[in-house]
Each structure stands twice: as structure tokens, then as C-alpha cells.
Amino acid sequence: MDSLLIKGGVPLRGEVTISGAKNAVLPIMAATLLTREPCVIHNVPDLSDVRFMAQILSWLGAEVRLHKATARIQAKKIKGAGDYDLIRKMRGSICIMGPLLGRLHKATVSLPGGCVIGARPINLHLKGFQALGAKIVIASGYVQASAKRLTGSAVFLGGRAGSTVLGTANVMMAAVLAQGVTVIESAACEPEVVDLVKFLNAMGAKITGAGSPTVTITGVDQLHGAEHEVIPDRIEAATYAIAAAATNGEVTLRGARPEHMHAVLDKLHDAGVKVEREGASLKVSRNGRLKPVDITTLPYSGFPTDAQAQMMALMALTPGISIITERIFESRFMHVSELTRLGADIEIEGPSAIVKGGKPLSGAPVMASDLRASAALVIAGLAARGTTQVNRVYHLDRGYENIDGKLRQLGARVERVEES
Ligand code: EPZ
């Protein structure tokens with residue numbers, strides 16, 4: 001397993017291009033199953049999660065060609081069932097269920113396992129499918145949804161932590177070909193859901209209300225092929241912005257969309273970070289001393305859970321006390337123990353982490369555990385004195401395109417070490 005060797009203490013300087021959004025492209029790739037016609041998707045990031053999704057779609061019978069940042073996909077004939085262990089490896093692939101149910105009226109997938117950040121249930125996805133008339137059977141690790149026909153209906157998708165992003169995507173994709181009108185209440189409002197709706201409507205779907213808690217889908221007979229450009233990844237942009245602040249550098253994020261990042265930019269401002277708009281880019285640097293901030297993660301447009309770990313790394317460097325509360329996932333503090341190994345002073349109190357920041361961090365070998373926790377360790381390593389070795393870098397490669405190359409471009413001393 002590869003690791004990243006980071007020699008810290010170098011302020012990041014220069015420009016970095018933000019890639020297409022992982023959490024938009026995965027459901028959009030799944031949505032191509034809803035038509036037998038060819039679809040073309042641009043600004044596709046080169047990520048292992050994208051390659052996984054491509055494998056699953058090919059496994060299902062679709063023709064998939066990934067070339068540079070474009071995906072050409074045509075699902076002429078597809079299977080609705082089967083044993084694809086890949087689902088277990090990638091939570092995001094659960095979003096093939098909605099389109100399979102929508103197109104074939106049946107879908108069988110292996111139950112997605114939990115992961116380090118939480119149990120990751122799919123009860124709300126299944127509640128939505130049942131509201132459309134599907135029968136759900138869970139047996140020997142598989143979940144099967146089937147329906148004679150799908151009929152539009154009203155469904156409330158609010159769960160214990162607010163709405164569900166992939167649940168909203170799945171139910172929308174099952175409803176686009178249903179008979180009649182479906183109204184989703186407490187729909188997720190994330191920009192990635194809005195981007196999926198833009199693609200579905202380009203395919204001929206009739207969806208309104210995207211980006212609001214009430215989404216209305218009027219069923220149509222069939223969908224046609226479409227071409228689409230994926231939005232930039234707001235979490236990748238947040239990650240590089242935080243890395244710029246952590247290293248006291250100055251970084252221009254090419255292609256970042258500030259309108260998708262209000263909560264992050266607001267907290268960075270309070271933390272003493274300057275963010276200036278430069279055309280279609282954002283320039284990030286410190287604005288004097290860093291200041292401690294309190295953060296609570298919330299559904300969009302609140303502070304994103306996917307940027308929580310990265311902000312914690314920044315707060316570990318910031319003199320003072322910051323309280324970071326995770327309200328979306330039940331155990332998304334895997335990075336705390338590893339940050340502590342670098343010298344951070346962090347205590348967990350229930351859903352909150354109390355960060356007593358300001359002591360300089362010193363490099364050490366650390367273990368990546370999930371995608372964003374790994375990003376937090378990279379940020380801390382970039383700011384720490386000495387060398388930090390981040391192991392199990394495959395976690396990073398799931399969601400960050402060419403992260404070591406992009407960091408080197410910004411002057412970081414980062415080397416990818418292939419484990420023999
Ligand atoms: C998406 O996961 C993202 N993944 C996650 O990003 C992101 O953290 C999450 O949304 C929240 O924003 C993709 O889009 C591929 P949820 P998703 O359903 O849709 C509970 C990353 O780092 N819940 O919105 O699976 C759930 O347990 C990844 O890029 C139910 O209770 O998340 C959680 O507490 C990590 N029942 C909360 O809702 C359900 O049926 C939010 O989960 C579904 C979810």
C-alpha cells in the first residue's frame with residue numbers, strides 16, 4: 001500500500017485546478033442507466049471511486065469509456081441483479097439502485113457495509129422505494145427492490161441527521177419514469193444533488209425544486225441521452241484552502257465555486273483567513289494570526305461534514321480552544337488519534353472534539369482511515385516540523401485527484417512511496 005512522505009514547514013504557493021465533484025459524478029454516472037442512449041459526461045475527476053463506478057456499470061452491461069476527464073456511457077441492455085462486491089467497497093455505488101428500479105422495476109445489490117465514519121443505513125432509500133410501490137426483501141446480505149409498476153407518491157426523507165444525499169438521489173432516479181407525480185419532502189439540498197437534477201432534466205426528466213427541501217418529480221415515459229459538465233468539487237476546494245491557511249501560504253483555487261462554499265468560507269474568515277475572488281478563481285491566504293472557531297456540521301447549506309476533519313487540523317495549529325461538533329455521522333473522529341500523534345491536543349466529549357490549538361506539530365508516521373481523515377493528516381503534515389508519513393494513501397486516491405502532484409505544484413515537499 002502506498003504512503004505519502006511529507007516534509008512539512010513549506011508555505012504552499014501558486015495555483016491549483018479544482019477537479020470535478022466526486023459526490024456529483026457518482027450518481028450522475030449511475031443515472032446513465034436510465035436510458036439506452038449514449039451519455040457524455042465532462043469534467044470527470046480521475047479517482048478510484050469513479051473507476052469503481054465504471055466497473056460496476058460495465059458489470060451491469062453498460063458500455064463505459066473513461067478517457068481523460070470525459071466519460072462516455074451507454075446502457076443499451078442491463079442486468080438488474082447480481083453479486084457485485086464492489087458495492088461493499090464503495091458506499092457511493094448504492095445509487096445504482098434507484099436507476100435500476102426505475103428502468104427495470106427490479107434491483108438487487110449487496111447491502112452496503114458500514115464504514116469507519118458510521119453505520120451508513122439505507123432505511124430512507126428503501127422508504128422512498130416503498131412509497132413508489134416497490135417491495136423490499138433483505139436476505140443473506142442482499143437487498144432487493146421490485147415493483148410491477150412504480151407510481152408517484154409523497155415521501156418524507158428526513159432522518160435522524162437531517163436529509164440523505166444519496167437517498168434523495170436514489171428516490172429521484174426511481175421516480176423519473178414512474179407513473180404520476182412524486183414529491184420528496186426533506187430532500188437533500190447539496191449542490192451535487194442539484195447537479196444530478198440538471199443532468200436528469202437534460203435527459204428529459206421533469207424535476208423541479210432541486211436545491212430546496214421539496215423536490216417534485218413528474219414521471220415521463222422514457223429518458224434520452226444527454227451531455228453534461230460536472231460541477232467542481234467544493235470539498236477538494238475547501239481542503240486546499242485549509243492547507244493554504246495551515247501552511248501560511250497563498251494559493252489560488254482555479255474553478256472553485258464560492259456559491260457552493262458559503263459555510264466553509266464564513267468559518268475561514270472567522271479563523272483569520274482571507275479569501276479573494278479572482279474571476280473564476282479564489283485566492284486564499286492568512287489575514288494575520290489564525291483565530292479559533294467553533295464548528296457544527298449540518299446538512300447543506302450548513303458546514304459540511306466532509307470538511308470537518310480538515311478544519312480540525314487547522315484548529316490544531318491555532319492558538320486557543322475550538323469546539324468541533326459532528327452532527328451528521330456518529331463516529332467521524334478517526335483523525336483525532338492520528339492528529340494527536342503529531343502533537344495535537346484534542347479531547348473528544350461525545351459528539352464534540354475540544355481542540356486546544358497552538359502547540360507546534362511535529363512529523364510522525366500516521367495511518368489514514370477514511371477519505372477526509374486522511375486529508376486532515378496531510379494538512380497537518382504539511383504544517384508540521386519534520387517528516388510525516390501518511391500510510392494507506394488509497395483512501396486519499398478515492399476522492400482527491402493526483403493529490404501529491406497538485407501539492408508538489410504548490411511547492412510542497414511530498415513524495416508518494418510505493419510500498420514494496
Ligand atoms: C453522501 O453520503 C456523501 N457521499 C458523503 O461524502 C457525505 O459525507 C454525506 O453525503 C453527507 O453529506 C456521496 O455522495 C458519495 P447521507 P450519503 O445519506 O448520501 C443517515 C465523502 O467523504 N442516513 O446524506 O451516504 C446517515 O447515517 C463522503 O465524500 C440514515 O439514517 O450520506 C448519516 O448519519 C463521506 N438513513 C446521515 O443520514 C438513510 O437511509 C447523512 O447521510 C441514509 C442516511
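Ligands are counted one by one from 1 in listed order, and the atoms in each one are counted from 1 as well.
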Q | N or O pair under 3.5 Å between Arg372 and ligand 1 | A | yes

Q) Is there at least one pair of N or O atoms, one from Leu26 and one from ligand 1, spaced under 3.5 Å apart? A) no

Q: Mind checking the NZ-NZ spacing from Lys148 to Lys135? Nearest 0.5 Å is all I need.
A: 8.5 Å

**Q.** N-O pairing of Arg392 and Asp2 below 4.0 Å
**A.** no

(Q) Less than 4.0 Å is my threshold; does some heavy atom of Arg332 fall inside it relative to ligand 1? (A) yes

Q) Where is the nearest protein heavy atom to atom 6 (O) of ligand 1: which residue, which atom, and how far? A) Asp306 OD2, 3.0 Å

Q) Nearest to atom 9 (C) of ligand 1, what protein heavy atom do you find, and at what distance? A) Phe329 CZ, 4.0 Å

**Q.** Identity of the nearest option to atom 30 (C) of ligand 1, non-hydrogen atoms only, from Ala161, Ala375, Pro121, Gly159
**A.** Pro121

(Q) Whether Glu236 and Lys406 form a salt bridge (side-chain N of Lys/Arg under 4.0 Å from carboxylate O of Asp/Glu) is what I want to check. (A) yes

(Q) Check this for me, if you would: do Asp397 and Arg51 make a salt bridge, where the nitrogen-to-carboxylate-oxygen distance has to be below 4.0 angstrom? (A) no

Q: Please check if any side-chain donor atom of Ser19 sits under 3.5 Å from a side-chain acceptor atom of Glu401, or the reverse.
A: yes

Q: Quick one: look up the protein heavy atom nearest atom 36 (N) of ligand 1 and list residue, atom name and how far away it is.
A: Asn123 OD1, 2.7 Å

Q: Could you tell me whether atom 15 (C) of ligand 1 has a protein heavy atom closer than 4.0 Å?
A: yes

Q.
Applying a heavy-atom cut-off of 4.0 Å, say which part of Leu124 lies close to ligand 1: side chain, backbone, both or neither.
A. both

(Q) Any nitrogen or oxygen of Arg160, side chain or backbone, less than 3.5 Å from one on ligand 1? (A) yes

**Q.** Any Gly167 heavy atom less than 4.0 Å to ligand 1
**A.** no

(Q) Taking CD in Gln222 as the centre, count heavy atoms belonging to other residues, nucleotides or ligands within less than 6.0 Å. Is the count above 12? (A) no

Q) Looking at atom 3 (C) of ligand 1, what's its closest protein heavy atom, distance included? A) Asn23 ND2, 3.6 Å

Q) Does the side chain of Tyr400 pick up a donor-acceptor pair with the side chain of Arg372 at under 3.5 Å? A) yes

Q) What residue and atom, counting heavy atoms only, is the protein's closest point to atom 18 (O) of ligand 1, and at what distance? A) Thr164 OG1, 2.7 Å

Q. Can you tell me the protein heavy atom closest to atom 11 (C) of ligand 1 and the distance?
A. Thr305 CG2, 4.0 Å

Q) Side chains of Ile94 and His125: closer than 4.5 Å at any heavy-atom pair? A) yes

**Q.** Pair Asp195-His228, side chain to side chain donor-acceptor pair (under 3.5 Å): steps then yes or no
**A.** CA-CA 9 Å; Asp195 207 32; His228 180 78; 3.1 Å; yes

Q | Min N/O separation Val165 to ligand 1 under 3.5 Å | A | yes

Residues 342-357, side-chain donor-acceptor partners within the protein, below 3.5 Å, at least two apart:
unit_1 : atom_1 : unit_2 : atom_2 : d
Glu347 : OE2    : Lys356 : NZ     : 3.0
Ser352 : OG     : Thr325 : OG1    : 2.7

Q) Quick one: does ligand 1 sit under 4.0 Å from the side chain of Lys22, the backbone, both or neither, non-hydrogen atoms only? A) side chain

(Q) Return the closest protein heavy atom for atom 38 (O) of ligand 1 as residue, atom name and distance. (A) Ser163 O, 4.0 Å

Q) Under a 4.0 Å N-O cut-off, is there an ion pair linking Arg72 with Glu63? A) no

Q. How does Ile328 reach ligand 1, by side chain, by backbone, by both or by neither, if only non-hydrogen atoms under 4.0 Å count?
A. both

**Q.** Distance from atom 2 (O) of ligand 1 to nearest protein heavy atom, with residue and atom
**A.** Arg120 NH2, 3.4 Å

**Q.** Salt-bridge present (Glu330, Arg160; N to O < 4.0 Å)
**A.** yes

